[in-house]
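Structure, as structure tokens:
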Amino acid sequence: MRPKKTILCVDDNEQSLSVRKFLLETRGYRVIDTQSPHQALEMLNQALPGSVDLLLTDLTMPQMDGNALIRRAKEIHPALPSLMVSGTITSADRNEAADAFLPKGANSASELLDRVRILVARKRGPKKHVVQMTPLAQQRTEAYPATA
């Protein structure tokens, strides 16, 4: 069984946060949720590199917006993918730091899950190069050449 991917989900709106957490957990993700960007940064400071697979954050929050949170999170974990959501479609042009952006309410749950899946897969990096093996019969003839 594959280990669950961990998503740090940050939103000051408790209802949006709980809906998003439920959606992701029912698809097999482990979700760490917080309503505070500062608390999210504390969690990232304590987390081992690679232990958080995605930062999913709201754009507009008190004290610190999503762009600032993502920039600071990437100082701590540079390879951490990020997905920003916002309550208005016109906020897309305000996305400065996230790897991807989705407007809340203007996308379906499946779109969110697809974007999360893609970003988490991207974090794993490219597939490892597979070395081509020679067939066993060819190895034998090379090791023991026929004598004439």
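Reckoned from all heavy atoms, side chains included, excluding hydrogens, waters and symmetry mates. Here, residue 1 is the first one in the sequence, and each next residue gets the next number.
Hydrophobic clustering (side-chain heavy atoms under 4.5 Å, transitive across Ile, Leu, Val, Met, Phe, Trp, Tyr) keeps L17 apart from L44.
Shortest non-hydrogen contact noted between D11 and M61 is CA-SD, 4.1 Å. Taking both residues in full, the closest heavy atoms of P81 and L54 are given as O-CD1, 3.4 Å, listed atom of the first, atom of the second, then distance. The two residues D58 and S86 come nearest to each other via the heavy atoms OD1-CA, 3.9 Å. Minimum interatomic distance between Q63 and P37 (heavy atoms only, all atoms of both residues): OE1-CD, 4.4 Å. Contact detail for M84 and G66: the closest heavy-atom pair is CE-C, 3.9 Å. Residues S82 and A98 approach most closely at OG-CA, 3.3 Å, considering heavy atoms.
Taking A47 as the reference, S51, V52, H77 meet the side-chain contact (heavy atoms from CB on, under 4.5 Å) condition, with sequence neighbours excluded. Considering only residues two or more places apart in sequence or on other chains, R71 meets the side-chain contact (heavy atoms from CB on, under 4.5 Å) condition with N67, A68, E96, A97.
When the options I70, L55, L119, L8 are evaluated for a side chain to side chain contact (heavy atoms under 4.5 Å, CB included) with L80, the one that passes is L55.
For the side chain to side chain donor-acceptor pair (under 3.5 Å) condition, the pairs that include at least one residue of residues 36-47, sequence neighbours left out, are T34-Q39.
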Checking K74 against D99 for the salt bridge (Lys or Arg N to Asp or Glu O under 4.0 Å) test, could you report, in this order, the C-alpha distance in whole Å, the side-chain angles of both residues, the deciding distance, and whether it holds?
CA-CA 11 Å; K74 288 193 182 249; D99 297 311; 3.1 Å; yes
